[in-house]
2 protein chains.
Amino acid sequence: MGRHNRSRYTILACLSVRPMSGYDVKQFLDGTIAHFWNESYGQIYPTLKALAAAGLVEGRDDEGDGRGRRVYTLTPAGLAELRRWLAEPPEPDVPRYEMSLKLFFSDQLPVETTLEHLRGHRARHAAMLDGYRAREAELRARLAGSPRLPYWLAVLGGGIRYAEMVVEWCDATIASIEGLVADAYPAPPSAPVTDRPA
Amino acid sequence: MGRHNRSRYTILACLSVRPMSGYDVKQFLDGTIAHFWNESYGQIYPTLKALAAAGLVEGRDDEGDGRGRRVYTLTPAGLAELRRWLAEPPEPDVPRYEMSLKLFFSDQLPVETTLEHLRGHRARHAAMLDGYRAREAELRARLAGSPRLPYWLAVLGGGIRYAEMVVEWCDATIASIEGLVADAYPAPPSAPVTDRPA
DNA sequence: CAGCGCATGTAAGATGTTACATGATTCA
DNA sequence: TGAATCATGTAACATCTTACATGCGCTG
């Protein structure tokens, strides 16, 4: 496994919060940082096995529970390895934004189609924004006094700022693209053309 | 090849701008949308061959030039396929932000290390911002009158807003994390503790 | 007893990067 | 002539998603 296996470190990091099963790891990620990081079961289960083989985590069958849960705990070596990785400067991400990619080549498309894409994009991010704001209040209450609170709030603050920025960008872009139609058809056919200032 | 092969459509889209070789495609992407989309040669060359085999592009050896360039042109079928894909609503991206991931688990790290990460992150985005702003002026001049200009400006505007947002977020987060140190050590040992308002 | 949520896992294939190999041309 | 840039490509590996298979326990 290469040095840059971020799934590996993500899973290790989850276990630094509390011991978890593979299922728990997925639930935890989906419930906290799903908007900018996710892992599939296809990654999680094999990775947990590999981490156990490397001595970085320890798995125990949870026998208090009839459902065959296997709960993993960070070992001291695992915690050290996690901290080593966290201390390395984060590498710049090159994310892929499909909305921007399509927009970049949208001279190949009717203006109205592009506008629909942008409206959908705006709606999705506006909805996310609502969710983030609700979570902020909930986090402050649930994690009051925890050393993790300031970090979780900072990350959530990034999500909020990002969604706000996207909504604002969509509005500006929609307005500018609508302007293109107005330029192409200065006056609608149903309205008589009258004097217009140049 | 699955329906969601975005590299495939990205390359097709590049050829809608003008005929290009594999090398050109890479240069073009790196010179325009590298901040949110990139492709490696390992993807580009095989994909071009596959597109040619599918009849979506046509490759010709550039013989005016001694350097064995192979230039690809979009076929009518290729253009139709590109437009079909562009018209589909863009799928929501789930990017991976390593900075945010590390920050989320940074209670495992000395505060000073986290601050260094954030300062580096800020510097990178501030530098990008300068680059984007320079490119904006250049774009307006070079693409004046082109139907592509509004789209390219909109995409660049997204990059600018994103970088501004990150810089602002870094400043806010750095301030809040520095506050943690101040809380932990209300007064430095070398300075005598005096009255402080609660 | 049906369906949902809990829970674990594998196999196949899609996707993507990196390192390497090769050779021409251009410019200092 | 040596280095940088132009130019193409492959092989190996790493990564990741999707679909599938399986079965328990709880609730209505």
Side-chain angles (χ1 to χ4, degrees), chain A residues 1-12 14 19-31 34 36-54 57 59-72 91-98 101, chain B residues 1-12 14 19-31 34 36-54 57 59-72 85 91-96 98 101:
Chain A
M1 232 176 275
R3 296 188 329 302
H4 294 293
N5 192 329
R6 289 131 98 213
S7 293
R8 183 184 169 93
Y9 291 107
T10 301
I11 292 166
L12 218 46
C14 289
M20 295 187 194
S21 67
Y23 190 83
D24 293 337
V25 167
K26 176 77 171 146
Q27 297 305 108
F28 177 75
L29 290 174
D30 286 353
F36 70 88
W37 202 279
N38 64 38
E39 301 290 346
S40 61
Y41 287 126
Q43 288 284 101
I44 293 170
Y45 284 113
T47 301
L48 280 170
K49 280 197 173 175
L51 288 170
V57 306
R60 267 170 307 168
D61 288 319
D62 188 344
E63 294 177 23
D65 197 316
R67 313 182 208 163
R69 277 165 57 84
R70 188 164 179 80
V71 175
Y72 292 86
E91 300 194 28
D93 313 288
V94 184
R96 295 184 131 192
Y97 297 117
E98 195 173 307
L101 179 68
Chain B
M1 233 176 278
R3 297 187 330 301
H4 294 292
N5 192 329
R6 287 131 98 214
S7 294
R8 182 184 170 94
Y9 290 108
T10 301
I11 292 166
L12 217 46
C14 289
M20 296 187 192
S21 68
Y23 190 83
D24 292 338
V25 167
K26 176 77 171 145
Q27 297 305 108
F28 177 75
L29 290 174
D30 286 353
F36 70 88
W37 203 278
N38 64 37
E39 300 291 344
S40 61
Y41 287 125
Q43 288 282 100
I44 293 169
Y45 284 114
T47 301
L48 280 170
K49 279 196 173 174
L51 288 169
V57 305
R60 266 169 309 167
D61 287 319
D62 189 344
E63 293 178 24
D65 196 317
R67 315 181 208 166
R69 278 165 55 85
R70 187 164 180 80
V71 175
Y72 292 86
W85 178 74
E91 299 194 26
D93 313 288
V94 184
R96 293 183 136 194
E98 195 172 307
L101 179 68

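Each chain gets a letter, A, B and so on, in the order its sequence line appears, and its residues count up from 1.
Atom CG of B/D30 is separated from atom P of D/dT5 by 14 Å (rounded to the nearest Å). For the pair A/Q27 CD and C/dT8 C1', the interatomic distance rounds to 13 Å; values are reported in whole Å. One can place OH of A/Y45 at 11 Å from P of C/dT10, the figure rounded to the nearest angstrom. Note: OH (A/Y23) to P (D/dG23) measures 19 Å, nearest angstrom. Rounded to a whole Å, the CZ atom of A/R8 is 14 Å from the C1' atom of D/dT15. B/D24 has its CG atom 6 Å from the P atom of D/dA7, to the nearest Å. Computed from coordinates, the A/E91 CD to D/dT15 C1' distance equals 15 Å when rounded to whole Å. Between the P atom of C/dG16 and the CZ atom of A/R6 lies a distance of 14 Å, rounded to the nearest Å.
Separating the CG atom in B/L101 from the CG atom in A/L29 is a distance of 8.5 Å, to the nearest 0.5 Å. Interatomic distance, A/Y72 OH to A/T47 OG1, rounded to the nearest 0.5 Å: 10.5 Å. Once rounded to the nearest 0.5 Å, the distance linking CD1 of B/I11 with CG of B/L48 reads 5.5 Å. The OG1 atom of B/T10 lies 9.5 Å from the CD1 atom of B/I44; values are rounded to the nearest 0.5 Å. For the atom pair CZ of B/R70 and CG of B/D62, the computed distance is 11.0 Å after rounding to the nearest 0.5 Å. Within the model, atoms CD of A/Q27 and OG of A/S21 stand 8.5 Å from one another, a figure rounded to the nearest 0.5 Å.
Nearest to the side chain of A/R69, among C/dG16, C/dT8, C/dT10, sits C/dT8. Each of C/dT15, C/dC6, C/dG9 was ranked by its minimum atom distance to the side chain of A/K49; first place goes to C/dG9. Of all nucleotides listed (D/dG9, C/dT10, C/dA7), D/dG9 comes nearest to the side chain of B/Y72.
A sub-4.0 Å separation between OP1 or OP2 of D/dT15 and a side-chain N or O of A/S7 is absent. Under 4.0 angstrom from either OP1 or OP2 of D/dA14 there lies no side-chain N or O belonging to A/N5.
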Under a 4.0 Å heavy-atom criterion, the protein footprint on nucleotides 17-22 of chain C, written with B, S and -, is BB----
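In the helix from C/dC1-D/dG28 to C/dA28-D/dT1, the end axes, each obtained as the rotation axis mapping the C1' atoms of four pairs onto the next four within a five-pair block, lie 30° apart to the nearest 10 degrees.
Residues passing the side-chain contact (heavy atoms from CB on, under 4.5 Å) test with A/R96, sequence neighbours excluded: B/R6, B/S7, B/W37, B/E39.
Ring-plane geometry between B/F36 and A/Y97 is classed as tilted, the angle between the planes lying from 30 to 60 degrees on a 0 to 90 degree scale.
Taking every heavy atom of both residues into account, B/P95 and B/D93 meet most closely at CD-O, 3.3 Å.
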